[in-house]
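One structure is given here, and the rest of the page talks about it.
Just follow the structure's listing: the first ligand is 1, and inside any ligand the first atom is 1. Just so it is clear, the values below take in all heavy atoms, side chains as well, and ignore hydrogens, waters and symmetry mates. For this chain, numbers begin at 1 and follow the sequence in order.
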Amino acid sequence: MLNLALERLRATFGYDQFRPPQDQVIDNLLQGGDALVLMPTGGGKSLCYQLPALIREGTALVVSPLIALMQDQVQALSQLGIRAAYLNSTLDPEAARGVEDSLLNGELELLYIAPERLLQPRTLGMLSSVKLSLFAIDEAHCVSQWGHDFRPEYLKLSVLHEQFPQVPRIALTATADQRTREEIIRRLALEQAAVFVQGFDRPNIRYRIAQKQSARQQLKKFLQTEHPNDAGIVYCLSRKKVEETAAFLCAEGWQALPYHAGLPAETRAQHQHRFLTEEGVIVVATIAFGMGIDKPNVRFVAHLDLPKSIEAYYQETGRAGRDGEPADAWMVYGLQDVIFLRQMLESSDAEELQKQVERQRLEAMLGLCEVTSCRRQALLSYFGEQDHQPCGNCDTCLEPVETWDGTEAARKALSTVYRSGQRFGVSHVIDILIGKQTEKISQYRHQQLSTFGIGAELNVQEWRSLFRQLVAHGLLDVDHDNYGALRLSERCRPVLRGEQQLQLRKDKRAARAVESRKVR
Ligand code: ADP
Ligand code: ZN
């Protein structure tokens with residue numbers, strides 16, 4: 001069977017060999033078994049069902065929630081001479097009828113279908129008179145209520161197994177944490193399925209997360225010293241910042257092109273094309289850029305803003321170094337990022353359950369930023385891979401992070417937030433701590449607070465670093481109704497009561513400030 005598969009791989013898709021574990025997955029399906037496939041984005045999941053679809057008799061049904069991607073996939077398959085079509089709400093009735101006719105006539109090797117369409121009794125009825133080769137359930141994590149992509153219709157997909165027990169099923173996802181995995185198995189009744197996990201590790205990517213001082217200058221220095229002529233992607237959160245950063249890089253002599261959803265379609269297409277075909281082009285983009293981008297020699301991905309989750313970070317950084325050559329995932333992040341994302345999350349009109357999920361995701365991302373042990377270990381353990389050794393190829397491995405006992409300083413900071421009424425932002429609270437005389441201090445008579453000036457042993461940088469870590473660890477909340485005022489959270493109590501010690505990161509810049517003061 002596998003020889004046949006390899007032949008088709010070469011003849012139809014033009015690839016020399018399978019990427020693990022494609023061959024095993026395909027073998028399993030060809031023998032009629034169910035499969036659950038966990039592979040990172042870009043790993044090559046599609047082939048796992050596309051190839052068996054060509055070899056097994058009948059039509060393969062591919063359930064996908066991403067309508068935009070269906071069209072791309074079908075187009076790509078058609079160009080390879082494969083008979084594929086899709087059924088979703090974008091088709092007019094006539095076109096849909098045409099597709100249904102080809103399906104009923106057994107003319108399709110693959111049919112992509114949106115879940116809500118598939119679940120219509122009419123569609124299910126039609127399928128019972130069609131020879132089916134397999135069901136592929138793409139983006140299978142959509143059955144998880146805890147996931148970022150929950151789709152209620154996915155829960156009903158277990159009907160496929162009930163109605164067509166003899167048709168093998170393959171579920172695929174790039175989300176591999178243990179909880180999601182178990183939920184997929186349970187909800188789709190895949191207890192008998194063989195599970196294939198392709199590791200998430202990308203050993204050629206060097207992960208680095210530095211403290212943000214002046215993001216653009218830091219980026220400039222990074223590019224100058226490490227990637228003067230390389231292609232890469234710079235991610236920013238807002239369109240405005242994308243434009244400004246691209247302009248800045250151009251003024252500094254790089255070929256930098258902006259990319260975001262607010263640009264005309266032709267401009268985006270043109271910028272994407274130049275990135276793919278020319279040498280050394282940098283794209284400065286919002287997250288709108290990257291879906292389906294498959295450029296092997298992207299040498300760096302830089303983040304000037306913090307992504308909202310580790311999944312997003314992994315996916316975005318994963319666009320670097322597809323060719324296996326060394327590549328950089330470089331990010332700067334600071335207190336304002338934490339405050340901004342927390343505020344954005346809390347002030348959104350998402351439902352509470354959704355917010356709770358997003359809070360957890362952001363927390364995990366902040367945890368990765370603040371981690372003092374190997375970053376790769378932390379990243380992989382988030383995806384359920386617990387048994388990696390320190391990698392030797394991330395910033396924390398290459399330059400071990402110094403920590404310091406921040407318990408006392410944290411107590412001073414927390415008391416100051418409390419005593420000033422939990423109504424002020426970081427800058428003002430720091431002014432109180434270091435005993436700075438400002439207009440605002442006099443206006444609120446904060447020089448009379450017992451904590452005024454009790455923190456003179458640290459400088460502003462060091463206090464900012466401490467506050468960032470307090471917010472990142474959830475000891476302080478950010479009041480989104482009140483311009484980012486800091487408030488104590490439940491979690492800070494053990495620290496205030498002296499029951500919990502706080503080991504904090506000594507940030508490079510802040511550490512240097514301490515050193516130079518000592519010298520003086
Ligand atoms: P995923 O769905 O896991 O994100 P895709 O199925 O879109 O990944 O595949 C990612 C890229 O890898 C595509 O460009 C695909 O053509 C390519 N690819 C997949 N399998 C192979 C292979 N065996 N050899 C070479 N390239 C492959
Ligand atoms: Zn490491």
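Between Arg206 and Glu226 there is no salt bridge, since no side-chain nitrogen of the basic residue lies less than 4.0 Å from a carboxylate oxygen of the acidic one. Salt-bridge check for Glu100 with Arg117: passed, with a basic side-chain N closer than 4.0 Å to an acidic carboxylate O. Salt-bridge formation is not detected for the pair Glu109/Arg56: no Lys NZ or Arg NE/NH1/NH2 atom is positioned less than 4.0 Å from an Asp or Glu carboxylate oxygen. The pair Lys212-Asp305 meets the salt-bridge criterion, with a side-chain N (NZ, NE, NH1 or NH2) lying under 4.0 Å from an Asp/Glu carboxylate O. Taking 4.0 Å as the cut-off between side-chain N and carboxylate O, Glu370 and Arg468 count as a salt-bridged pair.
Contacts of Pro40 with ligand 1, taken as heavy-atom pairs under 4.0 Å, involve the backbone alone.
Short contacts between ligand 1 and Gln17, defined as distances under 4.0 Å to a heavy atom of the residue, involve ligand atoms 22 (C), 23 (N), 24 (N).
A distance of 11.0 Å separates OG in Ser78 from CZ in Arg83, rounded to the nearest 0.5 Å.
Taking all heavy atoms of Gln73, Gln22, Arg19 into account, the minimum distance to atom 20 (N) of ligand 1 is reached by Gln22. The nearest non-hydrogen atom to atom 16 (O) of ligand 1, considering only Tyr15, Phe18, Phe13, Tyr49, comes from Tyr15.
In terms of protein heavy-atom proximity, atom 11 (C) of ligand 1 is closest to Asp294 OD2, 3.7 Å. Ser46 OG, 2.6 Å is the protein heavy atom nearest to atom 6 (O) of ligand 1. Scanning the protein for heavy atoms near atom 4 (O) of ligand 1, the closest one is Gly42 N, 2.6 Å. Remark: minimum distance from atom 9 (O) of ligand 1 to any protein heavy atom is reached at Gly44 CA, 3.5 Å.
At a cut-off of 3.5 Å, with distance as the only test, a side-chain donor of Asp405 or Gln501 sits close to an acceptor on the other residue. Counted by atom type alone, Gln198 and Arg19 present zero donor-acceptor pairs between their side chains at under 3.5 Å. Donor-acceptor pairing under 3.5 Å is lacking for the side chains of Gln461 and Gln211.
With waters neither drawn nor counted, the protein N/O/S atoms under 2.8 Å from the Zn ion (ligand 2) amount to 4.
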